[in-house]
Structure formats: C-alpha cells, structure tokens
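Reading through the structure tokens given below for one structure.
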Amino acid sequence: MEQREDKLKEVISHAKEYGFVFPSSEIYDGLAATYDYGQLGSELKNNIKTYWWKAMVQMHENIVGIDASIFMHPTTWKASGHVDAFNDPLIDNKDSKKRYRADVLLEEHIEKIRQKIEKEVEKGLKRFGDAFDADQFRATNPNVLRNAEKITYIEDKMRVTLENNDLEGLKNLIEELEIVCPISGSKNWTDVRQFNLMFSTEMGSVAGDASTIYLRPETAQGIFVNFLNVQKSGRMKIPFGIAQIGKAFRNEIIARQFIFRMREFEQMEMQFFVRPGEEMKWYEYWKNTRIQWHKALGLGEQHYRFHDHIKLAHYANAAADIEFNFPMGFKELEGIHSRTDFDLKQHEQFSGKKLQYFDPELNQNYVPYVIETSVGLDRMFLAVLSASHKNEVLEDGSERVVLNLPPALAPYKVAVMPLTKKDGLPEKAREIIDGLKFDFLCTYDEKDSIGKRYRRQDAIGTPFSVTVDHQTLEDNTVTIRDRDTMQQERIAIADLHRLIDQKVNLRTLLTVNTMSEVNN
Ligand code: ATP
C-alpha cells in the first residue's frame, strides 16, 4: 500500500517537474481537485484525444462526432434524472469537521473486514505450508466465515438503504458498525444528507430574468438532444454512433488522488444507436472493441480488467467498467453501458418532440436503444503516465528515469542536438528540424553534455534523439538513439523521416484496432 502511495507521489512530482500537470492557480495555493495541463501535458492529452477520435469517429463510416455546448436547457437535467437523482449521500464528523461519502465509509469498513480474512488465510498458509488448501480453509474456518457473514450483512443493508434512499438507515448502519472518523477517531456523526453533484449558476444579467442552469455533469446529454439533428442532416442509418469529447463538471465530495477524480474533467463519449432487441449484441461488441483500443497502447495487458456492475443505474440493463491498475490499485477507467431507450424516451416526454427513427428495412418507427462508451480523458492520461513512468537501473549501475510512453502519444517525437555549440553544428541541427517539423513535433537542445541531454529526453518520453556531429558536416549522417533500447545507430539524414515515422505514426496503433475489430 505504502509503495503504491509512493508511486503516485512520484508520478505527481514528475508530472509537475517536467511540465505535464500543475495544480491549478498554484500561486494562490491551488484549488482543490482542479489541475492545469502544462506544455508537455497538453501535447500528451491532445495525442490521446486524437487516438480516440481517429479510432472511434474517423475510422468508422457510421460514427460521427459533434461538439455540443456545456450549458444546456435546464429541463435537459430534469429529463435525464440528474436534478432528482445525481446525488451522493454525505456525512460530516462533528469533531474533525471532515466530510465523507456515507457509502464510501461503509465500503472502506467492508474492505477492512476483507483484509482480516486475507490475514487469516495467510496465517493458515504459514501454519500448514504446502498442504494448505485455501478454498477449503475459506469455506470452513470459523473466523473467516464469521467475517464473510458480516460482509454479506453490511452489503445487503447498504443495498436496501441506498435503493430506498433511506438516509436514516445509512446513518444507523454507520453507528451500528461503530465506524469512527479516521481523523478524529470519534463516532460523533451528523445526519446523512443527499448532496447533488451538479454545479449550478445563473444565466442572464437582470436579476428577474435569471434562471438556474447547470454545468453539464456528462457530455452524453448533448448527444441525446441532438439525436434527430444529426440523424437527419447526416442521413445516418441505424446502427450508428455520435461521439463527443468535452468538459464535464461534478462537485465531487471527496476529490483526491490527483487527476483521477477532479471537479472539472474531460470525457470522451460515444452513444451508439441500435434496433431494440439488438442491444446485447452491440454491448458485447463495444466491450470488446474498447478493451482492444486500450490494450493496443502496449502498456501491459495485465493492467486491465472488466468489472460488471451488480447494482445497475436506473437507465441501464447492463453495465461494465474497464478498470485499470492505477498506482492506487484497480479503478474505473471507462464505463460501457447499455442505456436502453431511457434517455431518448425521457427527452420525448419532457420536450414533447418525437425522437424516433424510421427503419426502412422493418418499415417501422421506434425509439432506438443505446450503447454508451464513456472514458475519462484525464484518467486515460493518468493511466498512460503512471504505467510509463519507470526508474531503471542500467547495466553500468547508473540509474535513469524514463517515460516509456507509447511513441504515438509522446509529446516530442524527436530531439535534435548539436554535439557542440560551434562549427556550424547548431545550424545543421536546425536545418534537420526544419525538414521534420511538418510531420513530427521536434525539440532542440544544445545545453549540457550529451549524456545529460539524453536523460532529459528519457524523462519526458521522447522516442528518438538525433545527434549532429562533425561527421554530419562531411557526409550528412547523424546518430539516432532509441529511448527504450538506448542503442545508437548512424544513419543518413535522408532516412530519418522514414525511420521515425515507422515508430511514432498513429497508424501503427490504429492498425491493431482495425485488426481486432475484424475478429470481433
Ligand atoms: P466513479 O464511480 O469513479 O465516480 P462514475 O461511475 O461516476 O465514476 P461515469 O459517470 O460512468 O463515472 O463517467 C464516465 C467516465 O468519466 C468514468 O469512467 C471516468 O473515466 C470519468 N470520470 C467520472 N468522474 C470523474 C471525475 N470526477 N474526474 C475524472 N474523471 C471522471
């Protein structure tokens, strides 16, 4: 656990030191759970967006993208259920004045009991050695059984109270389990209150005209309200998708863990409209396609797993998360939801407009069913950054910090360095950059020893470093160093473009995606 926390701290400080992510308005001591992407961070973020947009929109004939506004008519959020039901139950400790999510307090309590079970199993293993049968031990050991029963009891009570919106029941459960505040250690709790996660503001400058509007808590509704506009103007035929990348806002009660949980964040969402009755086929299809998109990045397949939802949201008939092994453990990276016809039907009802599709093959009108894929851009960023960040001990015993970023996502593709600052080498280096800069983001560096400059590029994940030396002036060759293998090769300047392109072109990643979709 401690090791994991250290890893997260390392990633945070690396991100700041090299210009990837800064705390927002830091000169005023920052603002909780808001961050700014720096000069390299915004490049990495843009590259992730491009990878998603290309794979999801531009490589699919039947998916188009839109860019809807953040402000929407307030009735949108009535219809979607967010005004009434987008709540988290919160509770305060009167002594520490700290605020918690009641459901999270209970989940953490359950996790502690789970850890007790695991300790018991470990003890058993130590005692009985090779002869130990863990499954049998779990099924028969009285301590394990008692704790497992406790967990079932708490989970059942939690489910009932949450489903019935029974806030008093939640508080009673916290008291019954004698849960204490981790800060004050006391059981002095307030009542549980529902807390709506939407930010609201006023529109219009005249007080009387003002009406409450919300900052969208998800981008999906911008797609639903435009369903007919896009379908008609784009002559889209079912099945088809509408995609969007954009900001979303949630007033999260506890926002910790760096850019994993922010109050202002960015989502990449796609709603896929299908015939009623065909949604399960497409749900499986998108689960598969999306996990392949992640795995194609090469961060390690062991970092991903599916988590099927047990308790479904009111609008869904199936839902799964793609979880990623973040420094804090496996957590949700992307959600894939079968949303039925809930959203379109709600908007039909609240707007009085028909949101239906005429299916020429069936000769019939219907409200389409929807499969949604929704991934957090900032969580993607954290996944890529944390899995790429490595402290390596080299063969000669020295150490280096390297970001093994997928080359197509790396901010700079190539660094060009003159060996010395004189003899026309800088001019030659700049000439090489001029030839490459139309296709690749390049950086120039002439300060410090070559070794130091390589380390700097390793730390920001630049896949290639090119060095210009005196021989270059004679025969137009340079050395090119690979970030991952650290091997250097002497090649003709004329071959640079092709060699770099082979490795950093997004085409490589997209080809893996196309192949896996064919097999889907
Ligand atoms: P969680 O359970 O972690 O709060 P969620 O289930 O509420 O997430 P969704 O409503 O399914 O999340 O949103 C889709 C995606 O948006 C998530 O998979 C996640 O990547 C991203 N996301 C949601 N909330 C945040 C946040 N506060 N900060 C950053 N990304 C977020």
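Order of listing sets the numbers, starting from 1, for every ligand and every atom in it. No hydrogens, no waters, no symmetry mates; every other heavy atom, side chains included, goes into these values. Please read all numbers here as calculations on a predicted model, not as lab measurements.
The nearest heavy-atom contact from the protein to atom 4 (O) of ligand 1 is Arg261 NH1, 2.7 Å. The nearest protein atom to atom 22 (N) of ligand 1, hydrogens excluded, is given as Phe265 CE1, 3.5 Å; this is a heavy-atom distance. Closest to atom 6 (O) of ligand 1 among all protein heavy atoms lies Glu332 OE1, 3.1 Å. Counting protein heavy atoms only, atom 21 (C) of ligand 1 is closest to Gly376 CA, 3.7 Å. Closest to atom 29 (C) of ligand 1 among all protein heavy atoms lies Phe260 O, 3.2 Å. Protein heavy atom nearest atom 16 (O) of ligand 1, with residue, atom name and distance: Gln267 NE2, 3.3 Å. The closest protein non-hydrogen atom to atom 10 (O) of ligand 1 is Arg250 NH2, 3.0 Å. Shortest contact from atom 19 (C) of ligand 1 to any protein heavy atom: Arg379 NH1, 3.4 Å.
Screening Phe258, Phe381, Phe260, Phe265 for a ring-ring contact (aromatic ring centres under 6.0 Å, His included) involving Tyr35 leaves a single residue, Phe258.
The Glu334 neighbourhood of ligand 1 comprises atoms 18 (O), with distances under 4.0 Å to a heavy atom of that residue. Taking a cut-off of under 4.0 Å to the non-hydrogen atoms of His337, the atoms of ligand 1 that pass are 11 (O). Residue Glu252 has at least one heavy-atom neighbour below 4.0 Å for each of these atoms of ligand 1: 24 (N), 26 (C), 27 (N). Listed by atom number, the atoms of ligand 1 under 4.0 Å from Met262 heavy atoms are 26 (C), 27 (N), 28 (N), 29 (C).
Ring-plane geometry between Phe273 and Phe227 is classed as tilted, the angle between the planes lying from 30 to 60 degrees on a 0 to 90 degree scale. Ring geometry, His14 versus Tyr18: the interplanar angle falls from 30° to 60°, so the pair is classed tilted.
Residue contacts with ligand 1, taken as heavy atom pairs separated by less than 4.0 Å, do not involve Lys331 at all. Neither the backbone nor the side chain of Asp321 has a heavy atom within less than 4.0 Å of ligand 1.
For NZ of Lys54, the number of neighbouring non-hydrogen atoms (other residues, nucleotides, ligands) closer than 6.0 Å is 12 at most. More than 12 non-hydrogen atoms from other residues, nucleotides or ligands lie less than 6.0 angstrom from NZ of Lys503. When the shell of 6.0 Å around CD of Gln39 is examined, it contains more than 12 heavy atoms from other residues, nucleotides or ligands.
Between Asp378 and ligand 1 there is no heavy-atom distance shorter than 4.0 Å.
In this structure, Arg290 is not positioned above the aromatic face of Trp286 in the sense of NZ or CZ being under 6.0 Å from the six-membered ring centre and within 45° of the axis. Relative to the ring axis of Phe330, Arg305 places its NZ or CZ within 45° and under 6.0 Å from the centre.
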Might you work through the side-chain contact (heavy atoms from CB on, under 4.5 Å) test for Asn46 and Tyr37, ending with a clear yes or no?
CA-CA 11 Å; Asn46 278 340; Tyr37 287 86; over 6 Å; no
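Distances from atom 20 (O) of ligand 1 to the heavy atoms of Asn251, Asp88, Thr373, Leu333 show the closest one on Leu333.
Here the side chain of Lys413 pairs a donor or acceptor atom with the backbone of Ala410 at under 3.5 angstrom.
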